[in-house]
2 protein chains.
Amino acid sequence: MESSQQHEGSSSYYAVIFTSTRTEGDNGYGLMADRMAELASRQPGYIGVDSVRDASGAGITVSYWESLEAIRNWKANEAHLVAQEKGKQDWYKHYSVKICKVEREYGSQER
Amino acid sequence: MESSQQHEGSSSYYAVIFTSTRTEGDNGYGLMADRMAELASRQPGYIGVDSVRDASGAGITVSYWESLEAIRNWKANEAHLVAQEKGKQDWYKHYSVKICKVEREYGSQER
């Protein structure tokens with residue numbers, strides 16, 4: 001899994017859950033997805049991302065942000081707007097976006 | 001993608017983001033995962049689930065619940081406690097659980 005979360009401490013933060021199903025064929029998706037992941041990682045307030053897609057084309061990407069404002073700014077980024085439009089037109093059969101406040105978390109130590 | 005979300009209306013609800021990386025081999029995981037998905041779906045306050053795992057063993061499962069109490073009750077379910085322990089011991093190299101309040105959502109129409 002791509003995972004680069006850098007969040008630490010007890011302050012609240014936000015998760016954007018993006019679920020999608022891809023259309024057939026690449027159609028420029030792979031290159032744009034890489035570009036957008038790189039661009040997102042340089043946005044103010046970006047914390048990290050977890051992203052998985054299976055062979056059937058079903059995917060879940062969860063990105064983590066310090067504030068709702070950071071999420072709004074990323075959504076309004078001009079290059080990202082172009083990618084969003086291509087996503088709607090060409091890349092996704094359907095998708096869903098959920099903006100969430102992370103209330104609590106726990107997990108394993110890496111081993 | 002497995003997706004059976006039945007939530008409607010404007011009332012708030014919660015998402016549990018479970019990210020994990022599987023160990024090698026099945027070791028009873030597939031059967032238990034199916035059982036737990038079925039059992040979760042019959043819990044009070046369950047809304048639905050999105051779940052994806054790729055060939056490398058990376059997975060994200062997001063389950064949706066009507067309340068924090070429903071999430072607590074599912075976490076404390078006896079059969080689920082057994083599965084959680086097996087998960088820690090045998091099935092996951094590492095995992096993370098994030099409990100979130102869904103603040104807003106949007107998406108495509110199915111097409």
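Letters go in sequence order (proteins before strands), and every chain restarts at 1.
A cation-pi arrangement is present between K75(B) and Y106(A), with the terminal nitrogen or guanidinium carbon under 6.0 Å from the aromatic centre and inside a 45° cone about the axis.
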Between K101(A) and Y13(A), is a side chain to side chain contact (heavy atoms under 4.5 Å, CB included) present by the stated rule, with each step listed? CA-CA 6 Å; K101(A) 184 170 191 293; Y13(A) 68 104; over 6 Å; no
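With a 4.5 Å cut-off on non-hydrogen atoms, A15(A) touches chain B through its side chain but not through its backbone. The contact between R53(A) and chain B is made entirely by backbone atoms, counting heavy-atom distances below 4.5 Å.
Under 3.5 Å, the side chains of S63(B) and W65(B) contain a donor-acceptor pair of N or O atoms.
Between chain B and the residues V102(A), T61(A), V16(A), the largest count of heavy-atom pairs under 4.5 Å involves V102(A).
Taking hydrophobic clusters as Ile, Leu, Val, Met, Phe, Trp and Tyr residues chained together by side-chain heavy-atom distances below 4.5 Å, L81(A) does not share a cluster with I99(A).
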